[in-house]
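Okay, so here's the structure we're looking at.
Bear in mind that the values here come from a model prediction, so they are computed numbers and not experimental data. Here is the naming used below: chain letters follow the sequence lines, and residue numbers restart at 1 for every chain.
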Amino acid sequence: MTAVADPPAETTAEIGKSRLRKEDQHLITGRTTWTDNMSLPGMVHLAILRSPMAHATITSIDTSEAKKRPGVIAVFTGQDFAETQGNVPCAWPVTPDMVNPGAPSLAVTQVNHVGEAVAVIAARDKVSAQDALEAIDVEYEPLPAVLDMEAAIADGSPLVHPNTTSNRSYTWAFESGAAGTGAPIDDAIASPEVTVTRRFIQQRLIPAFMEPRSTVVQPIGEGVTVWSATQIPHILRTMLALTLGIPEQKVRVIAPDVGGGFGGKIPVTPEEIITTLVARRLGKPAKYTESRSESLMSAHHGRDQIQDVTITAKRDGTVTGLDVHLFADMGAYLRLVGPGVPLLGAFMFPAIYKFPAYRFVCEGIFTTKTPTDAYRGAGRPEATFGIERIMDELAVELGRDPMELRRQNWITHEEFPFTTVCGLTYDSGNYEAATAKALELIGWDELRREQAERRERKDPVQLGLGISTFTEMCGLAPSRVLGSLDYVAGGWENASVRVLATGKVEVVVGTSPHGQGHETAFSQIVADKLGVAFDDVEVIHGDTQSSVKGMDSYGSRSLVVGGIAIVQATDKVVAKARRVAAHLLEANEDDLDFEAGSFTVRGVPGGSAGSSMSMGEIAFATFTAHNLPDGMEPSLDSDATFDPENFSFPHGTHLCAVEVDTETGASLIRSYVAVDDVGNVINPMIVEGQVHGGLAQGIAQALYEEAVYDAEGNLVTGGFVDYLVPAAPDLPEFTTDRTVTAATSNPLGVKGVGEAGTIAATPAVINAVVDALRPLGVTDIRMPATPERVWRAIREGTTGGDRAASGTIAYGGARTGTTAGGGAA
Amino acid sequence: MTRINVNVDGISYTDEVEPRTLLVHYLREQLGKIGTVVGCDTSNCGACTVALDGQSVKSCTLLAVQADGGDITTVEGLAAEDGTLHPVQQAFHDHHALQCGFCTPGMMMAVRDLLQDNPDPSEAEIREGIEGNLCRCTGYQNIVRAVQAAAANLSSTGGQS
């Protein structure tokens with residue numbers, strides 16, 4: 001007798017099925033566990049006083065009045081925690097001489113960006129804490145704002161940090177000749193037949209996850225339990241321990257429901273440290289939840305690069321060299337992986353093209369702005385933009401069709417595996433297939449004809465066609481590669497599979513979802529691997545006490561790395577179960593077939609008594625342990641830690657048709673086709689959803705979003721009134737499709753999909769807008785390509801807007817050096 | 001403090017509130033209706049949307065005292081008492097119209113109102129109709145599909161539940 005039901009009669013594969021999500025039920029009924037929903041007995045509520053100055057010395061802080069306010073329990077400044085708060089951690093010293101001036105969670109003597117935390121109030125309720133903020137008296141001695149990256153590293157620039165000698169944090173360089181991965185770049189650029197050089201601006205963006213960050217900390221003895229809206233409970237645990245000197249085993253971190261991240265919840269935050277400090281100091285649970293305006297000015301930003309790109313080619317179009325120089329704005333401080341973000345792009349600028357020579361130099365620079373760190377794609381959207389824009393420019397220079405030029409230079413499907421000029425080995429891909437499908441879906445030739453007609457008749461609404469044939473490196477990351485890049489951690493992932501007495505299965509994963517649908521997709525994998533029902537699999541994540549080991553979720557790694565750990569753990573379960581089955585069926589292990597959740601003795605007619613055992617029967621037999629092989633421990637449970645040997649390389653062809661009204665400057669996306677190759681697919685519905693969301697963010701960079709600072713270093717786009725996260729009418733209906741070229745670097749053949757849409761979309765849109773306007777003399781458009789910028793570009797023959805850092809105050813790049821708060825309000 | 005009487009998801013409450021208390025804070029902090037969330041502080045994101053006397057409102061844009069005497073439905077009261085999902089909830093699940101789910105309560109409440117006013121909206125009308133609700137995950141495409149499905153379901157079953 002067993003306690004389990006028979007296995008399902010129908011044994012169709014779960015992998016590849018559009019299973020509806022297990023995650024949805026509690027989210028659509030409001031039974032959620034967002035961190036801010038949490039309330040603990042005796043909990044105090046925190047409010048943070050933030051700097052109104054971009055750069056200033058704190059000359060005095062008087063908290064005495066605030067402490068007298070009703071309901072206020074305590075007020076702390078940086079001085080109160082100066083000895084204990086340590087520094088907000090940065091885990092990526094990208095060069096041995098990288099300058100990291102330190103990052104206090106609460107400013108002690110100086111503030112370096114608007115929104116930096118200066119004091120914290122603990123009160124019995126949130127309103128009392130917020131009310132008392134106005135009673136804190138801070139005197140600042142203003143210092144000059146440092147906003148423009150190039151000016152910041154020029155001689156005589158004021159220093160952001162007084163304990164440094166330059167605003168340059170690091171210079172990181174790669175050169176294919178020196179690296180032995182290609183020819184010397186100097187040879188390529190010394191005597192090219194054709195050279196095209198462009199400067200592209202990656203504007204500053206804000207991740208803008210919908211759930212504002214929130215942290216609850218409960219002190220327990222020497223230790224703490226921390227609930228936080230984070231992508232990285234495991235890394236946070238280790239970093240909190242190291243930063244605050246709490247033994248790691250005394251720190252438990254829980255990521256409950258987390259409302260989006262997009263990289264924005266990757267770093268360890270000052271607020272997490274502050275909340276922990278206050279909770280421990282008071283011996284009471286404490287909660288801090290940011291407002292949206294706090295989030296926009298103090299949670300990290302993304303992008304913000306100046307890209308100087310030179311491409312060389314033969315007259316016949318064959319590319320001969322790529323030379324890239326980046327200025328990357330770190331903002332005021334180095335966050336967890338901030339310095340490394342632009343360097344992920346170092347490996348992606350050559351993209352899908354066969355460059356013989358390549359150089360990449362990146363200078364990381366301090367300014368008095370909000371720190372930057374990962375935002376969806378993290379370094380790779382920037383690189384993809386740079387290369388896909390310059391390929392179009394080269395095509396124009398050569399008088400070639402931009403797709404034909406790409407085709408001439410890309411890696412053909414017969415050439416995989418292919419080692420690129422920066423030393424990465426792309427395992428698989430088929431750029432021809434994805435491109436052919438995309439061209440057909442959008443009706444490319446017909447659109448080209450229409451474009452010609454509109455140009456011919458000087459239609460005020462011009463049509464532009466944009467291409468992005470992209471690849472990305474996903475599945476962060478092989479630990480050895482991270483080591484070679486001086487990252488301080490590995491890139492493995494852990495999973496354990498527990499088989500319960502009733503045959504149900506628990507899968508404990510180290511990845512930490514915040515909208516991706518891991519519970520559903522991982523259940524599908526386990527269902528197939530163990531032959532159990534989809535609904536019999538429970539995925540456990542996000543609590544370091546139950547999910548002990550993990551490297552969390554970012555960089556399209558959860559399936560590609562975490563999913564493989566699950567596969568390996570299930571393989572171990574099956575191996576153990578095989579031993580039990582062989583023993584009980586009195587057969588040789590090698591004579592057992594395992595299929596659809598049952599072990600069957602090969603050669604014995606199906607259905608005959610004693611010829612097969614289901615996983616459920618084996619689970620129960622293992623649970624009772626009455627009759628197991630000699631010396632075998634009574635458990636099928638297994639654990640695996642997978643460290644990938646290589647990245648995965650999703651790719652695709654995105655095509656965009658934009659109608660640009662040359663009289664108003666308005667750009668309207670008429671059609672957008674995305675053909676992605678993300679390898680094998682576990683759940684097509686989820687994959688499509690990931691692509692949609694990625695496209696929205698990539699298109700938003702092209703057309704809508706920009707974090708704008710005024711000349712004094714105030715964030716002008718400090719609310720959703722001004723920071724334009726697109727709403728439904730701002731986005732088109734996307735046409736998505738896939739080609740499938742399985743990854744050869746992992747047993748599932750998967751490549752990752754979380755970032756693809758964002759990486760690909762931005763250059764497709766901008767190439768289309770520029771294509772529409774090229775006959776009018778426009779060769780580039782500053783992002784976001786707002787109507788004002790486009791209008792201005794047409795009339796002035798410019799890119800439509802100067803860099804925000806030079807004193808731009810409004811959307812559309814009103815190029816004024818003056819300051820005003822109302823420009824964008 | 002001001003005394004208010006409200007009915008929220010079928011339960012009557014009488015409470016003393018500060019005149020400045022926003023409806024969303026009253027719902028979350030005094031009533032424990034944490035299904036309704038706060039996503040911004042400028043009435044842009046719509047995550048806090050609830051129905052007041054049948055009309056969707058952003059509960060961060062209304063004072064609790066303004067809801068005095070009102071009948072409020074939040075996401076927690078959307079499903080039937082037996083747990084049967086509202087057609088909008090079901091459609092959001094069926095069409096993968098949510099990822100992280102943070103905007104979802106407000107989005108669904110806005111959609112419910114939209115379909116009351118316009119039982120058969122075009123795609124453009126749907127997009128315009130949910131313009132006041134931001135979603136960062138989905139790119140809206142599956143939300144549009146879900147609204148279309150919910151509209152079809154509601155019209156075939158004879159209207160709003």
If you look at every heavy atom in A:Gly260 and B:Cys100, which pair is closest and at what distance? N-CB, 3.3 Å

What heavy-atom pair brings A:Ile206 and B:Arg136 nearest, and what distance separates the two atoms? O-NH2, 3.1 Å

Could you tell me whether the side chain of [Y] reaches within less than 4.5 Å of the side chain of [X], counting heavy atoms only?
| X | Y | result |
| --- | --- | --- |
| B:Leu98 | A:Glu23 | no |
| A:Gln25 | B:His93 | no |
| B:Cys103 | A:Glu211 | no |
| B:Tyr140 | A:Pro729 | no |
| A:Arg31 | B:Glu76 | yes |

Carboxylate-amine/guanidinium contact A:Lys287 B:Glu29, below 4.0 Å: no

Is the count of non-hydrogen atoms from other residues, nucleotides or ligands lying under 6.0 Å from B:Glu16 atom CD greater than 12? yes

Looking at A:Arg69, I want to see if its CZ is surrounded by more than 12 non-hydrogen atoms of other residues, nucleotides or ligands under 6.0 Å. yes

What part of [X] gets within 4.5 angstrom of chain B, counting heavy atoms only: side chain, backbone, both, or neither?
| X | answer |
| --- | --- |
| A:Gln690 | both |
| A:Val691 | neither |
| A:Pro207 | backbone |
| A:Asp36 | both |
| A:Ile686 | both |
| A:Leu731 | both |

Are there residues of residues 124-133 of chain B that reach to under 4.5 Å of chain A by heavy atoms, and which ones? B:Arg127, B:Glu128, B:Ile130, B:Glu131

Anything in residues 37-58 of chain B with a heavy-atom distance to chain A below 4.5 Å? Please list those residues in order. B:Val37, B:Val38, B:Gly39, B:Cys40, B:Asp41, B:Thr42, B:Asn44, B:Cys45

Contact leader toward chain A among B:Met108, B:Glu123, B:His96, where contacts are heavy-atom pairs under 4.5 Å: B:His96

Between B:Thr21, B:Thr74, B:Thr104, B:Asp94, the one whose heavy-atom pairs under 4.5 Å with chain A are most numerous: B:Asp94

When heavy-atom pairs shorter than 4.5 Å are enumerated against chain B, which of A:Gln697, A:His514, A:Glu294 gives the highest number? A:Gln697

A:Ala728, A:Ala696, A:Gly694, A:Gly757: which one forms the most heavy-atom pairs within less than 4.5 Å of chain B? A:Ala728

Rounded to the nearest 0.5 Å, how far apart are [atom1] of [X] and [atom2] of [Y]?
| X | Y | atom1 | atom2 | answer |
| --- | --- | --- | --- | --- |
| A:Thr735 | B:Gln141 | OG1 | CD | 7.5 Å |
| A:Leu20 | B:His95 | CG | NE2 | 9.0 Å |
| A:Met210 | B:Met107 | CE | CE | 8.0 Å |
| B:Arg145 | A:His692 | CZ | NE2 | 5.0 Å |

Testing A:Thr29, A:Leu27, A:Asp24 one by one against B:Gln89 for a side chain to side chain contact (heavy atoms under 4.5 Å, CB included), which residue passes? A:Thr29

Counting distance only, does the side-chain N/O of A:Arg21 pair as donor-acceptor with the main-chain N or O of B:Gln99 below 3.5 Å? yes

